[in-house]
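From a predicted model like this one, the values you see are computed outputs, not experimental measurements.
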Amino acid sequence: MNEVDILQLFAYLLPAVVTGAVAFYFFRLHTKNEDGRRRYLLHKDSQTKTLPIRLQAYERMALFLERISIPSLVVRISPTSNNKNDYENLLIKSIENEFDHNLSQQIYMTDECWNIIKAAKSATIQIIRKAGMSESDTADKLREDILNASMDKASPSATALSFVKKEIRELW
């Protein structure tokens, strides 16, 4: 083979290689686009199925936060005896039971939201315990102390509830 034959061979091969490269590029682009479209359709389909469940989880956690808010809790749960320690334990047990009942909702929420809800629960228990260390001697006096302690600052439940509402708005 001489130089002219080699040049002719390259002249024939060059358009074939360019055409093959362009075809490969467009095929890869098309495949990537189809893959993205399939992912979008699957995501859209799963979103329509999971959105009601997620909203229900947020709804249940909003109800939980409302139920453990200090004014609601103290009004809803009345003392069974005059012992302040029994009443303090009853309130804390009620919060823990309510939380345990809604524990599975965390899989439908972001970690940040779930951590804020747990922090609100812990802060509420801390307010009750702090009021329990007061010099009150009856359950009714403890009730007043708990309500007075919650009046001074923003409720942990209200703060967490506003975050839950913000997160729900982001779902739309």
Approximate separation, where rounding is to 0.5 Å, of S72 OG and I70 CD1: 10.0 Å
Heavy-atom closest contact (A120 atom, P156 atom, distance): CB-O, 3.5 Å
Side chains of I128 and Y87 in contact at under 4.5 Å (non-hydrogen atoms): no
Point-to-point distance, once rounded to the nearest 0.5 Å, from CG of N97 to CG of N102: 11.0 Å
Residues that D137 engages under side chain to side chain contact (heavy atoms under 4.5 Å, CB included), provided they are two or more places apart: none
Inter- and intrachain pairs under salt bridge (charged side-chain N to carboxylate O under 4.0 Å, His left out), touching residues 100-109, at least two apart: none
Please set out all donor-acceptor pairs under 3.5 angstrom arising from side-chain atoms of residues 61-69, sequence neighbours excluded.
residue	atom	partner	partner atom	Å
R67	NE	E98	OE1	3.0
R67	NE	E98	OE2	2.9
R67	NH2	E98	OE1	3.4
S69	OG	E66	O	3.0

Heavy-atom check, side chain of L91 versus side chain of I146, under 4.5 Å: yes
Whether over 12 other heavy atoms sit under 6.0 Å from Q56 CD: no
Partners passing salt bridge (charged side-chain N to carboxylate O under 4.0 Å, His left out) against K141 (at least two apart in sequence or in another chain): D145
Residue pair I168 / Y58: nearest heavy atoms and the distance that separates them: CD1-CB, 3.4 Å
Let me check something: any side-chain donor-acceptor pairs from residues 21-37 under 3.5 Å, sequence neighbours excluded? List them with distances.
residue	atom	partner	partner atom	Å
T31	OG1	F27	O	2.6
E34	OE1	R37	NH2	3.0
D35	OD2	R39	NE	3.4
D35	OD2	R39	NH2	3.3

P52 versus T48, closest heavy-atom pair with distance: CD-O, 3.4 Å
Residues in side-chain hydrogen bond (donor to acceptor under 3.5 Å, both in side chains) contact with Q105, at least two apart in sequence or another chain: none
Over all atoms of both residues, closest heavy-atom pair of K84 and S134: NZ-O, 2.8 Å
same_hphob_cluster(I125, L103) at 4.5 Å side-chain heavy-atom cutoff: yes
Under the side chain to side chain contact (heavy atoms under 4.5 Å, CB included) test, residues paired with N2 that sit two or more places apart: V4, D5
Where at least one partner belongs to residues 106-158, residue pairs that pass ring pair (Phe, Tyr, Trp, His ring centres under 6.0 Å), sequence neighbours excluded: F99-W114
With sequence neighbours excluded, residues passing side chain to side chain contact (heavy atoms under 4.5 Å, CB included) with D140: P79, T138, R143
Nonpolar side-chain network containing I116, other nodes, edges under 4.5 Å: F163
Cluster link L7 to L13, ILVMFWY, side chain under 4.5 Å: no
Closest non-hydrogen atom pair, A57 against M109: O-CE, 3.7 Å
Distance in Å, I117 CD1 paired with S157 OG, rounded so as to fall on 0.5 Å steps: 10.0 Å
Heavy-atom pair of closest approach, residues I53 and K49: CD1-O, 3.9 Å
Where at least one partner belongs to residues 117-133, residue pairs that pass side-chain hydrogen bond (donor to acceptor under 3.5 Å, both in side chains), sequence neighbours excluded: E96-K121
